[in-house]
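Counting starts at 1 for both ligands and their atoms, in listed order. Atoms considered below: every heavy atom in the structure, side chains included; atoms not considered: hydrogens, waters and symmetry mates.
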Amino acid sequence: LNALVNIMTTLNLSRPHSPLTQPLEITEAEWEIAQYIRKYGPLSRNTLASFAGYSRAKVTSLVNTLLESGLLKEVGDGDSHGGRRPRLLNFNDALGYVAGVDIGATSLDIAVADLTGKVISTGSTAADVRHGPEHVLRSVTEGIQAMLAEREIASERLFGIGIGVPGPVEFSSGLLIAPPIMPGWEAFPIRDFMMMDFPNALVIVDNDVNVMALGELRAGAGREVENFLFIKIGTGIGCGIVCQSEIYRGSSGCAGDIGHICVDKQGPICHCGNQGCLEAMAAGPPIAKRAIAAAQNSESATLIRQMDASGGTLTAEDVGIAATHGDRASLEIIQDSGRMIGDVLAGLVNFFNPSLILIGGGVSKIGFQFLTAIRREVLNRSLPLSTQHLEIQYSAMTDVAGTTGAIHLALDHVFVISGGTWEVS
Ligand SMILES: [Zn+2]
């Protein structure tokens, strides 16, 4: 009975919110073959056999089934090691497509990719999440439809949609739970809404920072890294955790919400209601706020000039530019922010021992001094052993990490194992 309960629990956890059609149902062994090709690109039957530890005959039989079902195709010849050049196998790029959607607080980015993960179309538009889910998701649907139509692809051939949203997501249900900056999105059935227009698409929703971390894990600097953190610094501050090459979401999906770690009990009130949260003191808005105060107090001629030029306001990016040009007040603001973030990261490093920290999000574009301040604080405050093999870098894919991760979120789930113990229907 216990075993049955375990299976039921697993079923509930992995079962989508609504019944879904599954166009890509494959066996566990076929799934394994497909994952090697996904990770390493076109491979020969011999290479697949050595990766999977299967006999050449077994791989040939699996590959034949996958070729017959149209999931794989032969894509040319590999290098010969004596004898005939081996035929290489890859996903059939014309079989179906997935979409990756990155919903930001005020913008929307969409990319459509084939089953190899190759992006064939991208698009962006302004969209305010405060206008509510139906309004924003209608823009998403229209965007995807326009991109498919442009390439004469029928909506039925969209097999997966990965969506990153700027709020806490219960991953098993794909529902937002008490999102602070997304009024009206609480428990909105995003999957059902999207499936009205894309009946064959498996829809997977996750928090935006987890999705960015997944982008780095599957296609960026995190490809060969087992344990790393992705820190997004923008209007808020969040952390995607990659633990043993998988996204770690915690027991209810909100692991990595580091923006509300307290750095000063006497600090300003955060929108969460507590005092002195990291994001209330070190994210983009507090950087801008301090710079405006510095200009008003005549502490920086550069900031006063910039504030006049931009109609009485300043952004974190303005502060970064001023600091790069040697403005002392700006440099101090940036270093303070970097120090507070570095202080929290030092705690995470001692606790989690990652080998890489990637910093992304809008504020990561404010120049090298910010990164230097973060690095210095982490090195000063962490145990020597934990920083021995630690690298801290800006994310090179920061602008596309969201859509890339969303594409891979979809690709991670479109292949469903049939006949397994945890079949999802
Ligand atoms: Zn807070």
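- With a 6.0 Å cutoff to the six-membered ring centre and a 45° limit on the axis angle, R157 does not count as a cation-pi contact of Y97.
- Between W185 and V136, some side-chain heavy-atom pair lies under the 4.5 Å cut-off.
- Below the 2.8 Å limit, the Zn ion (ligand 1) has as protein N, O or S neighbours H260 ND1, C270 SG, C272 SG, C277 SG.
- Ring geometry for H131 versus H135: interplanar angle over 60°, hence perpendicular rather than tilted (30 to 60°).
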TODO: Take R151 and D114 through the test salt bridge (Lys or Arg N to Asp or Glu O under 4.0 Å) and record every step on the way to the result.
DONE: CA-CA 12 Å; R151 298 193 165 242; D114 63 29; over 6 Å; no
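- Q35 CD: more than 12 foreign heavy atoms inside a 6.0 Å radius.
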Open item on the list: I'd like to know whether D208 forms a salt bridge (Lys or Arg N to Asp or Glu O under 4.0 Å) with K232, so could you lay out the CA-CA distance, the side-chain angles of the two residues, the decisive distance to 0.1 Å, and finally the verdict.
Closed with: CA-CA 9 Å; D208 58 351; K232 182 186 181 189; 2.9 Å; yes
